[in-house]
Amino acid sequence: MGLPLLSSALWEPSHNCFSSSVDFIWPHLSSKSYCLGLKFKCQQFCKGRSTIPRVLVCTSRRPKSKETVWRRKELPQNEDLPLILPKNKKKPYPIPFKEIKQAAREDKKIARMGIEKPLEPPKNGLIVPDLVPVAYEVFEAWKLLIKCLAQVLHHIPVHGCSECSEVHVAQTGHHIWDCSSPYGRQRRSAHAWVKGSVNDILVPIESYHLFDPFGKRIKHDTRFEYDRIPAVVELCIQAGVDIPEYPSRRRTNPIRMLGKRVIDIGGNLEEPKPWRFADPSSLNDFDTYRSFERFPRTSLSDLPKIAQDTMNAYEIVKKGVRKLMKKYTVKACGYCTEVHVGPWGHNAKLCGEFKHQWRDGKHGWQDATVDEVFPPNYVWHVRDPNGPPLASALRRYYGKAPAVVEVCMQAGAQIPDEYKPMMRLDIIIPDPEEARMIA
């Protein structure tokens, strides 16, 4: 009923001098939140016989509470399983392709003007002093990860498919029919399970070791002159770790580049090769070769502690590799699993994936991701390792986890919360007959 009073129309009779009006009074308001209040009042505006009923509209400000409510960032309850990229397409670029082309145009523009490209460590060949302790920490954690994982696998059974790359951590292999081998149709996509090893849990991603990453590129004919070591170890060596068997050039003067062309590299040095006379057993500490035989079986009471040490070492390696890759360049093939640690990829023609004939076997190099250098190798999560095997009809109710995390969890270790949403621990797995009735 108060809305007609807020009208701006004037009512003036022919014989009286009465009129109704509305006045809006706006006080100075700040950017803070405020609320509007209406206050109605009639005042005598004219002297004598004439009065004007008026409506005053005022605003009152109520200051907002200064208390700040901090909301804790909660992890999602469930996460989707990692997507499997198709093999008949190239991998997506980690950096948008538009940004790559824009950076190339700027480099080309600077090169035409004759201006040297400004480089910072380690792009100019110098190491980053702040990342040297991180490299040593990752290197020691990598060796501890191999040792502890080999000891855990003496108690936790691991199965691998002899036809594809599927891995399962349980007493028996699962019954999920998703074998991707060419001969899987003969078995109706059922897996051919065999006993697994450390290489089934830690996928061996190797890279060529280079004495000078900014030197000559590896050609196809000279590929056997270079050793292949784990990519994580090669990344640590280039970041400052000194291994006598695998020396690396430490520059004191930065290199100079004009666009993509190297102007001054500081001369070519002959690569020393003391590894030919070294003890081969010293090289096995950071390699997974025959690690299951090198490390003996431990007691069952020490298994939870060793599993926890394995989990901690895995997290240190994963976080350390992510820190190092923010500065040091690592290249990966967009079609296969080849990885090269250095500013440029090698020229070995070893790619046999999608349409390799069009590239003459050369790799399609692009910036690598952490999962390509240190792959998680996701496996199905098993809630009861001694229970019935996983069924193919219930696969959408199962979760996944990295292979190392699944092994450590079954051995009694406490896993971080970031892996729990993908494992789908809060989903109740129904019976096969109940799953058929679910739409």
Side-chain angles (χ1 to χ4, degrees), residues 74-85 141-142 144-146 148-153 155-161 164-176 178-180 191 193 196-205 232 288 303-322 369-392 394-429:
E74 298 180 357
L75 293 174
Q77 185 177 6
N78 292 305
E79 286 186 2
D80 295 334
L81 302 179
L83 298 177
I84 300 177
L85 298 177
W142 173 260
L144 180 63
L145 176 61
I146 296 175
C148 295
L149 184 59
Q151 294 176 348
V152 171
L153 291 185
H155 302 275
I156 305 299
V158 175
H159 301 275
C161 182
C164 67
S165 59
E166 183 73 10
V167 179
H168 189 61
V169 183
Q171 295 294 332
T172 58
H174 62 70
H175 292 172
I176 300 177
D178 57 352
C179 185
S180 59
H191 294 282
W193 297 113
S197 61
V198 179
N199 288 340
D200 294 323
I201 305 299
L202 286 179
V203 180
I205 301 296
V232 176
T288 58
L303 182 60
K305 180 180 180 303
I306 298 176
Q308 191 63 45
D309 294 342
T310 307
M311 191 70 242
N312 297 337
Y314 178 79
E315 289 297 311
I316 293 175
V317 174
K318 183 179 178 180
K319 295 179 181 178
V321 169
R322 183 179 290 107
T369 60
V370 179
D371 291 344
E372 292 175 329
V373 179
F374 189 57
N377 191 18
Y378 291 101
V379 298
W380 293 105
H381 171 58
V382 182
R383 302 187 182 183
D384 187 7
N386 299 321
L390 304 183
S392 183
L394 304 176
R395 59 180 301 172
R396 62 174 177 170
Y397 301 100
Y398 302 137
K400 280 193 172 184
V404 177
V405 177
E406 181 67 19
V407 170
C408 296
M409 183 177 183
Q410 294 188 15
Q414 297 293 331
I415 63 173
D417 295 337
E418 59 178 314
Y419 300 108
K420 294 181 179 180
M422 191 176 298
M423 302 170 80
R424 299 185 177 181
L425 301 177
D426 59 333
I427 294 180
I428 300 176
I429 301 177

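Everything numeric here is computed off the predicted structure, so don't read it as measured data.
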Of all the heavy-atom pairs spanning [X] and [Y], show the shortest one and how long it is.
X: His155; Y: Gln151; answer: CD2-O, 3.7 Å
X: Ala170; Y: Pro157; answer: O-CG, 3.3 Å
X: Val169; Y: Gln410; answer: O-NE2, 3.0 Å
X: Pro375; Y: Val203; answer: CG-CB, 3.7 Å
X: Val407; Y: Val152; answer: CG1-CG1, 3.5 Å
X: Ile146; Y: Leu202; answer: CG1-CD1, 4.2 Å

- Should Leu425 and His381 count as side-chain neighbours, where that means a heavy-atom distance under 4.5 Å?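 Counting from C-beta outward, Leu425 and His381 do come under 4.5 Å.
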- Parallel, tilted or perpendicular: ring planes of Trp193 versus His168, cut at 30 and 60 degrees: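 Rings of Trp193 and His168: tilted, 30 to 60°.
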Just how far is it from atom [atom1] of [X] to atom [atom2] of [Y], taken to the nearest 0.5 Å?
X: His175; Y: Arg395; atom1: NE2; atom2: CZ; answer: 14.5 Å
X: Ser197; Y: Leu153; atom1: OG; atom2: CG; answer: 8.5 Å
X: Leu394; Y: His174; atom1: CG; atom2: NE2; answer: 13.5 Å

- Task: Show the numbers, then the answer: is there a side-chain contact (heavy atoms from CB on, under 4.5 Å) between Val158 and Val167?
- Result: CA-CA 7 Å; Val158 175; Val167 179; 3.8 Å; yes
- Query: Pick one: which of Leu149, Ile415, Leu145 meets side chain to side chain contact (heavy atoms under 4.5 Å, CB included) with Tyr314?
  - Reply: Leu145
- side-chain hydrogen bond (donor to acceptor under 3.5 Å, both in side chains) filter on Lys420, not counting sequence neighbours, yields Asp417
- Message: Restricting to side-chain hydrogen bond (donor to acceptor under 3.5 Å, both in side chains), what partner residues turn up for Lys305, sequence neighbours left out?
- Response: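 With sequence neighbours excluded, Lys305 shows a side-chain hydrogen bond (donor to acceptor under 3.5 Å, both in side chains) to Asp309, given in chain and number order.
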With no hydrogens and no angle check, is any side-chain donor or acceptor of [X] less than 3.5 Å from a backbone partner on [Y]?
X: Glu406; Y: Val382; answer: yes
X: Tyr398; Y: Ile429; answer: no
X: His159; Y: Glu166; answer: no

- Query: Does the pair Tyr378 and Met422 meet the rule for a side-chain contact (heavy atoms from CB on, under 4.5 Å), with working shown?
  - Reply: CA-CA 10 Å; Tyr378 291 101; Met422 191 176 298; 3.4 Å; yes
- Message: For Asn377 and Ile201: C-alpha separation, side-chain torsions, deciding distance, then whether side-chain contact (heavy atoms from CB on, under 4.5 Å) applies.
- Response: CA-CA 7 Å; Asn377 191 18; Ile201 305 299; 5.6 Å; no
- Message: Would you say CD of Gln414 has more than 12 non-hydrogen atoms from neighbouring residues, nucleotides or ligands within 6.0 angstrom?
- Response: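 Open: at most 12 neighbouring heavy atoms sit under 6.0 Å from CD of Gln414.
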- Task: Evaluate whether atom NZ of Lys318 has more than 12 neighbouring non-hydrogen atoms of other residues, nucleotides or ligands under 6.0 angstrom away.
- Result: yes
- By salt bridge (charged side-chain N to carboxylate O under 4.0 Å, His left out), Glu372 pairs with (sequence neighbours left out) Lys91
